[in-house]
Amino acid sequence: MDVTVINPFLTACENAFKNMFNLTPEHKEPYLLDVLATRHWEISGLLGLTGDYTGVLAFRLHVVLAAKMLEISGMQTDSAEENEELSSQLVSEFTNIIGGNAASAITHKNINITPPVVIKGRDHSISWPRNYPVVAIPFVTQFGPFEVDVCIK
């Protein structure tokens, strides 16, 4: 996979965490994701990529990190249900920011993004396209790990 396409997603994610939450995530070595392996994430923000490149972007994390992101953002909730809903909205918007900023940084190609969706539930799975590789970019923060997965044709 072309690093001129993958690196903007890595940079967009790091910058968004720094700017929005004053957190500096440390990225680990990207790797090819085994799409058949069980992943232990609890929340995934997904969006589609269209244009000169097509594919899927996933921002995947645990509820502990999502709750910390919500807390740092200063959003107040009155109930567990409202907290869960705001966490989903935050993950959705954060996924949108990563995708939008990365797409804007890839100036040599036209890339558009679809509205994000959020999938929740322990060990949920994503049915990735089988014909194209999925590059996983793992990160760690002081509040837990997360991963940005990119599948682009």
Side-chain angles (χ1 to χ4, degrees), residues 1 5-31 33-35 37-51 53-107 110-129 134-152:
M1 181 129 341
V5 175
I6 296 301
N7 284 345
F9 288 95
L10 184 150
T11 302
C13 189
E14 288 177 337
N15 289 342
F17 259 93
K18 288 175 192 171
N19 294 334
M20 293 177 69
F21 307 111
N22 201 28
L23 294 174
T24 304
E26 178 186 344
H27 72 270
K28 302 296 183 181
E29 191 68 30
Y31 63 94
L33 187 70
D34 178 356
V35 297
T38 301
R39 309 301 296 165
H40 298 289
W41 301 111
E42 297 168 320
I43 304 174
S44 293
L46 301 168
L47 58 79
L49 305 168
T50 64
Y53 288 116
T54 59
V56 178
L57 164 76
F59 169 56
R60 308 187 80 186
L61 65 161
H62 296 287
V63 294
V64 171
L65 180 55
K68 194 62 176 176
M69 292 166 66
L70 189 63
E71 177 186 319
I72 292 170
S73 71
M75 291 188 213
Q76 301 282 323
T77 61
D78 294 327
S79 67
E81 294 82 21
E82 186 180 12
N83 189 52
E84 188 174 329
E85 177 60 28
L86 279 177
S87 289
S88 292
Q89 290 175 8
L90 184 121
V91 168
S92 176
E93 184 56 30
F94 194 77
T95 304
N96 197 45
I97 289 168
I98 294 169
N101 288 345
S104 295
I106 302 171
T107 57
N110 176 39
I111 300 177
N112 300 302
I113 60 172
T114 66
V117 297
V118 174
I119 301 170
K120 297 187 292 187
R122 182 143 179 78
D123 300 334
H124 64 268
S125 64
I126 297 172
S127 296
W128 293 100
V134 180
V135 176
I137 309 167
F139 292 86
V140 293
T141 73
Q142 65 198 64
F143 303 110
F146 67 93
E147 191 170 272
V148 174
D149 298 337
V150 183
C151 177
I152 296 180

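This structure is a prediction, so every number in the text was calculated from the model and none was measured.
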Check: Who are the side chain to side chain donor-acceptor pair (under 3.5 Å) partners of D123, not counting sequence neighbours?
Finding: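 Residues passing side chain to side chain donor-acceptor pair (under 3.5 Å) with D123: H40.
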Check: Who passes side chain to side chain donor-acceptor pair (under 3.5 Å) against S44, sequence neighbours left out?
Finding: R60, H124
Working to the nearest 0.5 angstrom, can you tell me the gap between [X] [atom1] and [Y] [atom2]?
| X | Y | atom1 | atom2 | result |
| --- | --- | --- | --- | --- |
| T50 | I111 | OG1 | CD1 | 9.0 Å |
| L46 | T114 | CG | OG1 | 9.0 Å |
| N15 | M20 | CG | CE | 12.5 Å |
| W41 | I126 | CH2 | CD1 | 11.0 Å |
| I137 | F9 | CD1 | CZ | 8.0 Å |

Any salt bridge (charged side-chain N to carboxylate O under 4.0 Å, His left out) involving [range]? Give me the pairs, sequence neighbours left out, ordered by first then second residue.
| range | result |
| --- | --- |
| residues 14-29 | E26-K28 |
| residues 61-75 | K68-E71 |
| residues 137-147 | R39-E147 |

Margin query: Between S73 and L70 (side chain of the first, backbone of the second, donor and acceptor by atom type, cut-off under 3.5 Å), is there such a pair?
Written below: yes
Sub-4.5 Å side-chain heavy-atom contact between [X] and [Y]:
| X | Y | answer |
| --- | --- | --- |
| L10 | V148 | no |
| I72 | L23 | yes |
| L49 | I113 | yes |
| T141 | F21 | no |

Could you list the donor-acceptor pairs under 3.5 angstrom formed between side-chain atoms of residues 85-100 and any protein atom two or more places apart in sequence or on another chain?
residue	atom	partner	partner atom	Å
E85	OE2	Q89	NE2	2.9
S87	OG	N83	O	3.0
S88	OG	E84	O	3.3
S88	OG	K120	NZ	2.9
T95	OG1	V91	O	2.7

Check: What's the shortest heavy-atom distance between G51 and N112, and which atoms?
Finding: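 Taking every non-hydrogen atom into account, CA-ND2, 4.5 Å.
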Check: More than 12 foreign heavy atoms under 6.0 Å from CG of N22: is that the case here?
Finding: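 No, the 6.0 Å shell around CG holds no more than 12 heavy atoms from other groups.
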Check: What class does the angle between the rings of F59 and F146 fall in, given that below 30° is parallel, 30 to 60° is tilted and above 60° is perpendicular?
Finding: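 Ring orientation, 0 to 90° scale: perpendicular.
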